[in-house]
Amino acid sequence: MDWPPFLQLSVPVTLAVWVALTAAALRRSRSRLPEPGAPLTTPPGEEPPAVVSLMVNRWRSDEDAIDSTLLDLAARGFLELRQPGEDPSETAVRLGKGDGRSLTPYEQQVLDRVQKLTVGGEAPLTSLAFRSWSEARRWRAAFYRSVTEESRHRGLSQPRLTRRTRRTLLGAAVAPSAFMFASWMWMSAKLHAGLADQITGSLIAASAVFLALYLVAELRWSDRSTPEGTRVAADWLSYRAHLVAVEGVTDLAPADVASWGRDVAFASALGVLPTEEALMRSRVAL
């Protein structure tokens, strides 16, 4: 079957151009970490640990955000962590009264998870594990979505692809869709299909191409930092440098939040605590 010259490579060429444009837009908009300044000995801002965790991980979801939120709730008195023996895995969590401050939706989500599984007001950390992968996936998605919404509200992050960029990509997606329509019409005519079948098949093929490109353009890509977010991230990375240098921080267990306070939560958010000590990495974060 001899294709007309203008249709022969029209669909693959226009698709390749669209993919190249999308890749360039994503590369240009990717979030980069700033260089930290001199170490800071105190937390540099009022950002909660979950927001800090996503910020220093370039707005990609990370279990440290969940770990640090539970640790922060313990530091603020909403929970109590107790380690009866030498093994941190024996740590139990007990509900507390809190410090009177209101909770964000994702903090309440973690607290609700603990409340749901406590018996007599207390539960071992191992009981926080999800028994269903699908349930864990939904729980995590809701958690990260809520943290991202707060970071945007604080002016620290923004959608990776701007509305203008998405509109441009959707406009460019018309070209391969139109060429797919024309190609299908030509092929159907060569196969002596009825006019109604030609139009129906061509519309379905063109719609499938446009829908696929639409889903890519509107995918929930990770955020990128605003100028303010970049400045704040530099300050938190400076605080991280201080925590790394403090003796004993990397050896902290979850129950040490009783004496170390929110520093433990921020150490978890900033990735200072080793993986095996992360409070909920292998539990709620499953």
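The model shown is predicted, which means the values in this text are computed figures rather than measured ones.
- Qualifying side-chain hydrogen bond (donor to acceptor under 3.5 Å, both in side chains) partners for Ser157, counting only residues two or more places apart in sequence or in other chains: Ser151, Asp223.
- Of the inter-residue distances, the one linking Leu203 atom CG with Trp184 atom CH2 reads 11.5 Å to the nearest 0.5 angstrom.
- By the ring-ring contact (aromatic ring centres under 6.0 Å, His included) test, Phe143 is found to be paired with Tyr106, Trp139, residues two or more places apart in sequence or in another chain being considered.
- Judged by distance alone, the side chains of Thr165 and Thr162 do bring a donor and an acceptor atom under 3.5 Å apart.
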Could you list the donor-acceptor pairs under 3.5 angstrom formed between side-chain atoms of residues 32-49 and any protein atom two or more places apart in sequence or on another chain?
| from | atom 1 | to | atom 2 | distance (Å) |
| --- | --- | --- | --- | --- |
| Arg32 | NH1 | Arg30 | O | 3.4 |
| Glu47 | OE1 | Trp236 | NE1 | 3.0 |

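- Residues forming a salt bridge (charged side-chain N to carboxylate O under 4.0 Å, His left out) with Lys116 (at least two apart in sequence, or on another chain): Glu135.
- Taking the side chain as every heavy atom from C-beta outward, Val56 and Arg240 never approach each other to under 4.5 Å.
- Residues Leu125 and Leu128 form a side-chain contact, since some pair of their non-hydrogen atoms from C-beta on lies under 4.5 Å apart.
- The CG atom of Leu243 sits 11.5 Å away from atom OG of Ser238, with the distance rounded to the nearest 0.5 Å.
- Applying the salt bridge (charged side-chain N to carboxylate O under 4.0 Å, His left out) test to Asp263 and every residue at least two apart in sequence or in another chain returns nothing.
- Annotation: side-chain hydrogen bond (donor to acceptor under 3.5 Å, both in side chains) contacts involving residues 49-60, sequence neighbours excluded, comprise Trp59-Ser225.
- Side-chain atoms of Glu107 come within 3.5 Å of backbone atoms of Thr104 as a donor-acceptor pair (strictly under, hydrogens ignored).
- A continuous path of Ile, Leu, Val, Met, Phe, Trp and Tyr side chains, each step under 4.5 Å between heavy atoms, connects Phe130 with Leu70, placing both in one hydrophobic cluster.
- By the 4.5 Å heavy-atom criterion applied to side chains, Ser222 and Ser31 are not counted as neighbours.
- Partners of Glu122 according to the salt bridge (charged side-chain N to carboxylate O under 4.0 Å, His left out) rule, which considers only residues two or more places apart in sequence or in another chain, are Arg82, Arg94.
- Cluster membership for Phe181 and Tyr214, using ILVMFWY side-chain heavy atoms within less than 4.5 angstrom, is not shared.
- By the side-chain contact (heavy atoms from CB on, under 4.5 Å) test, Leu95 pairs with Leu79, Leu111, Val114, Gln115, Thr118, sequence neighbours left out.
- Residues Leu156 and Tyr144 share a hydrophobic cluster, clusters being chains of Ile/Leu/Val/Met/Phe/Trp/Tyr side chains in contact below 4.5 Å.
- Annotation for Leu81 and Pro254: closest pair CD1-O, 3.6 Å, computed over non-hydrogen atoms.
- Environment of CZ in Phe210: crowded, with over 12 heavy atoms of neighbouring residues, nucleotides or ligands closer than 6.0 Å.
- Taking CZ from Arg113 and CD1 from Ile66, the interatomic distance works out to 11.0 Å, rounded to the nearest 0.5 Å.
- Residue pairs that meet the salt bridge (Lys or Arg N to Asp or Glu O under 4.0 Å) test with at least one member in residues 7-22, sequence neighbours left out, do not exist here.
- Listed by chain and number, the residues in a side-chain hydrogen bond (donor to acceptor under 3.5 Å, both in side chains) with Ser29 are Arg160 (sequence neighbours excluded).
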Stepwise side-chain contact (heavy atoms from CB on, under 4.5 Å) check, Trp260 with Val249 | CA-CA 9 Å; Trp260 283 75; Val249 170; 3.8 Å; yes
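- Between the side chain of Thr14 and the backbone N or O of Val11 there is at least one donor-acceptor pair closer than 3.5 Å.
- Under the 4.5 Å side-chain heavy-atom criterion for Ile, Leu, Val, Met, Phe, Trp and Tyr, Leu213 and Met180 are members of the same hydrophobic cluster.
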Side-chain donor-acceptor contacts of residues 17-27 below 3.5 Å, not counting sequence neighbours, with atom names and distances?
| from | atom 1 | to | atom 2 | distance (Å) |
| --- | --- | --- | --- | --- |
| Trp18 | NE1 | Leu169 | O | 2.7 |
| Thr22 | OG1 | Trp18 | O | 2.9 |

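- Note that CG of Leu117 is 5.0 Å distant from OG of Ser127, once rounded to the nearest 0.5 Å.
- Placement of Met187 and Ile199 in two distinct hydrophobic clusters is found when ILVMFWY residues are connected by side-chain heavy-atom separations under 4.5 Å, directly or transitively.
- To the nearest 0.5 Å, atom CG of residue Leu54 and atom CD of residue Glu150 are 11.0 Å apart.
- Contact of the Tyr239 side chain with the Val52 side chain is not registered, since no non-hydrogen atoms from C-beta on lie closer than 4.5 Å.
- Closest heavy-atom contact between Ala255 and Gln83: CB-CB, 3.8 Å.
- For the pair Val209/Leu15, a side-chain contact is recorded, criterion being any heavy-atom separation below 4.5 Å from C-beta on.
- Considering CG of Leu161 and CG of Leu219, their distance stands at 9.0 Å, rounded to 0.5 Å.
- A 4.5 Å side-chain heavy-atom check between Thr69 and Asp72 finds every atom pair outside the cut-off.
- Not one N or O on the side chain of Ser146 forms a donor-acceptor pair closer than 3.5 Å with the backbone of Ala142.
- Legend: salt bridge (Lys or Arg N to Asp or Glu O under 4.0 Å) pairs involving residues 166-189, not counting sequence neighbours, sorted by first then second residue: Arg166-Glu218.
- Contact of the Leu103 side chain with the Val110 side chain is not registered, since no non-hydrogen atoms from C-beta on lie closer than 4.5 Å.
- Salt bridge annotation for Glu149-Arg154: absent, with no cationic side-chain nitrogen under 4.0 angstrom from a carboxylate oxygen.
- For the pair Thr226/Arg152, no side-chain contact is recorded, criterion being any heavy-atom separation below 4.5 Å from C-beta on.
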